[in-house]
Protein chains: 2
Amino acid sequence: MRAVVFDGEVRVAEVPMPVVGPGEALIRVLTAGICATDLELMKGYMDFKGIPGHEFVGVVKQSSNPHLQDKRVVGEINCVCHRCQYCQLEMPHHCMARTVLGIQNRNGAFAEYITLPEENLYLVPNSIRDDVAAFTEPVAAAFRIPERLHITQDDRIIVLGDGKLGQLCAQVLWLHSKRLVCVGKYPQKLALLKDLHINIAYKDDPIERGADIVVEATASPDGLKRALELVRPEGTVVLKTTLAAPTPMDLSEPVVNEVRIIGSRCGPFRPALEALAMGNVEVRPMISEAYELSDGVRALQRAAEKGVMKVLLHV
Amino acid sequence: MRAVVFDGEVRVAEVPMPVVGPGEALIRVLTAGICATDLELMKGYMDFKGIPGHEFVGVVKQSSNPHLQDKRVVGEINCVCHRCQYCQLEMPHHCMARTVLGIQNRNGAFAEYITLPEENLYLVPNSIRDDVAAFTEPVAAAFRIPERLHITQDDRIIVLGDGKLGQLCAQVLWLHSKRLVCVGKYPQKLALLKDLHINIAYKDDPIERGADIVVEATASPDGLKRALELVRPEGTVVLKTTLAAPTPMDLSEPVVNEVRIIGSRCGPFRPALEALAMGNVEVRPMISEAYELSDGVRALQRAAEKGVMKVLLHV
C-alpha cells in the first residue's frame, strides 16, 4: 500500500499492508487530517519513526464484529492493554503499555490502510461527511477540557491561540460559557470565530486579566507566561500545547497566585461526534486545503506554513 | 527601635517605631524565624526593600481589643482590603491591594516592633513556647496543601526536599497518609524525619514512580522536572518553592500525562496552632541556632549555609 513515511525525512512510499492483530479491525482510510503534533513529530518529538497521522475517517474492511464490517468509522488513538495499573484505575489512555496511532509505536493514518482495536472505533452517522468526520479526534481533545474541569456559565474564559486546536477549544467552551474570548494574531483565522459570533481579540489588544480559566493553545514557548498573567488567583490554566522544546517558566508566579495548571490531551469521542452531527461545532471553514495521499510531502509542508489551518489528505 | 534592614545590603539599624493604623495592633516581637523566602528576598525576589521577617511570635502592646492586649500572638501575614474582587470572593490572601508582612510593602518581624491588623492575630496557648510558636506561619503553609487537595489515606505521596518547608509538608501530610516518603540529600536533615518514623529516601535512591501527589519543596530549579517524572498520569504536583530564577520546563510532559500542577502559598493558622499544641507536628528538632537581633546579619548568613535548618532571632 501507499503511505507517508517518516524516518528522519518524509516521503511517500510503497510499504507492506499492516498485519491485523487479535481484536483489531483493518480500516481503509478515506480522509486524514494533519495536526500540529504531526509537525512536531517531524521535528523529533516522541522520537517517532514510521507512518504518522492520527486524525482520520475510514471504512472497516475486515473485522470479526459484523456491526463494524463495511461501516464508516473514526477511532480513538490510544490502544491499551487493560491490565496495567492505569487501565485498572480506569485511566486507559494513560496505559503504560499503550501504542498511539501515528504517534507512538503504531503506524498511523497517512496511509491507505490502518489497524485499530475494534473497541476504539465509533460508527460515523451518515449526516457527517468525510471532511468533517476527520475532525472528530481534535474535537474530542477539546471536549477533554469540560471533562476534567467543572465549567459554569459564569466562568470567564480566555483561549490563547487562533490555530486549529485553539479554535476548537473556543467553540467547545463557548457551549459552556459565553464569557469567553479567543485571542489570536491572524485576521483571517479570527474571522472564522467571528462568523460564529464568538468573541475575539488580537494578542496585542488590552485583555482584561483575572480570568477563571485560560486555555493555552498557542503552540508558542511564550504561551504559558501569558496565560499565567491573565488567569486569576486560584484560577486554572489548561495546557493544550505539546512542544518539542522546553519552556522557561517563572515558578514563583503560580505559587504566589496559587494557580492550578492542568495538562490535557486526548478526549471523549462521543460528545465530539454529537457536536459535529448537531452542528454545535463548525469545522468546515477551518479546512484550508486538501491533497491526495501521493502529495503527502507537499501537504505536510503546506500545513507548516503560517496562516494555514487544517490540511486534509484524501487517501 | 532596632531592626534588620535590607536596601540592597543587609544591616542592623535604629529605625523609627512603626505607626499603628486603624484596626491594627502594635506587637513587641519575641522570636522570629528566618525562612528561605527571606533569603530569596535578599537576592532580589519581589524587589523588596525594608525590614524582612514574616515568621514571629510576639506580645500585643497596644490594641483597641481588650482580648488581645498584653497577650502572646502569632499573625497571618497578608493584610487585606476587604473590598477588592478577590476579598469579595473570599480569597482574601489574594487581595489585590494587600501588603504582606516583611515581603510586600509592609515592614516585617526582624525588628523590636511590628504592626498587624487585629483580625490577623491568633492567641497562642501557654502550652506552646516561643521557639515553637514562631513556626506557626510555615506550618500553616504546609496545611494549605490538604486545604486545597482532597487527600485520602490511600494516596501515595512523595515530598521532594528535606529542608524546613519540605519537612513540615511531610509531617502535615503524614497525618493524612502513611504512604508517604520524603526525599532529601542531607543525612542529618533526613534523620529528623526518621526520628518521627516518617519514611525517607535519598535523592539518588531508586524511587517508585507513579505517586498520586508529589510536593515540590526542593528550592531547586530541577525540582519540578523530578516531580513530573515521579507523579502518576492525572496526578498532582504541588509547587511550594518560590524561586527568584525562571525554570526550564518541558511542557509536553504534563500535557501528555495530564498532570495537575498546583501552586500553594500561605495557609490556615488554626490547624497549625492545633497541630503544634497537640504535638502532631514536631518543630523543635528543626531549630539549628538562635541569635540576638543585634546579630541579625550573621543569622541571615548562617541561615543561607548548606545543611542549616531553622535559624531563630531572639528579639
Side-chain angles (χ1 to χ4, degrees), chain A residues 37 40 45-46 84-86 89-96 98 100 103-104 141 144 147-149 209-210 212 216 219 221 223-225 228 232-267, chain B residues 37 40 45-46 84-86 89-96 98 100 103-104 141 144 147-149 209-210 212 216 219 221 223-225 228 232-267:
Chain A
T37 301
E40 289 293 314
Y45 176 59
M46 301 290 293
C84 75
Q85 55 174 313
Y86 300 121
L89 288 169
E90 293 183 30
M91 298 190 287
H93 71 265
H94 294 294
C95 170
M96 298 172 81
R98 72 181 179 271
V100 186
I103 293 176
Q104 190 176 335
R144 180 63 171 157
E147 192 175 53
R148 289 208 78 193
L149 280 186
R209 296 181 178 217
D212 299 292
E216 200 298 278
L224 177 57
K225 182 171 184 297
L228 291 172
R232 70 161 166 81
E234 297 188 39
T236 302
V237 171
V238 178
L239 291 181
K240 270 292 180 189
T241 297
T242 48
L243 276 176
T247 303
M249 174 172 163
D250 181 348
L251 286 182
S252 69
E253 209 161 41
V255 172
V256 170
N257 286 328
E258 300 194 301
V259 169
R260 184 167 59 151
I261 302 171
I262 295 189
S264 169
R265 188 173 42 117
C266 300
Chain B
T37 302
E40 289 293 315
Y45 176 60
M46 300 290 294
C84 75
Q85 55 175 311
Y86 299 121
L89 288 169
E90 293 183 31
M91 299 191 286
H93 71 263
H94 295 293
C95 170
M96 298 173 81
R98 72 182 179 270
V100 186
I103 294 177
Q104 190 175 334
R144 180 62 171 157
E147 192 176 53
R148 288 207 78 193
L149 280 186
R209 297 183 177 215
D212 299 292
E216 199 298 279
L224 176 58
K225 183 172 184 295
L228 290 172
R232 70 162 166 81
E234 296 187 38
T236 302
V237 171
V238 179
L239 291 182
K240 270 292 182 191
T241 297
T242 48
L243 276 175
T247 303
M249 173 171 164
D250 181 348
L251 287 182
S252 69
E253 210 162 42
V255 172
V256 170
N257 287 329
E258 299 193 299
V259 168
R260 184 166 59 152
I261 303 170
I262 295 189
S264 169
R265 188 171 44 115
C266 300

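The chains referred to below are lettered A, B, ... by the order of the sequence lines, with proteins before strands, and numbering in each begins at 1. Just so it is clear, the model here is predicted, and its values are computed rather than measured.
Here the closest heavy-atom approach between residue B/Val256 and residue A/His94 is recorded as O-CE1, 3.3 Å. In terms of heavy atoms, A/Tyr86 sits closest to B/Gly210 at OH-CA, 3.5 Å. When all heavy atoms are compared, the tightest approach of A/Leu239 to B/Pro254 is CD1-CG, 4.3 Å. In terms of heavy-atom proximity, B/Glu258 sits nearest to A/Arg148 at O-NH1, 2.6 Å.
In this structure, the portion of A/Leu224 lying under 4.5 Å from any heavy atom of chain B is its side chain and not its backbone.
Note on A/Ile262, A/Leu89, A/Val237: by heavy-atom pairs under 4.5 Å with chain B, the leading option is A/Ile262.
Looking at residues two or more places apart in sequence or on another chain, you find a salt bridge (charged side-chain N to carboxylate O under 4.0 Å, His left out) between A/Arg232 and A/Asp212.
Checked for salt-bridge contact, A/Glu234 and B/Arg144 meet the test: a charged N lies under 4.0 Å from a carboxylate O.
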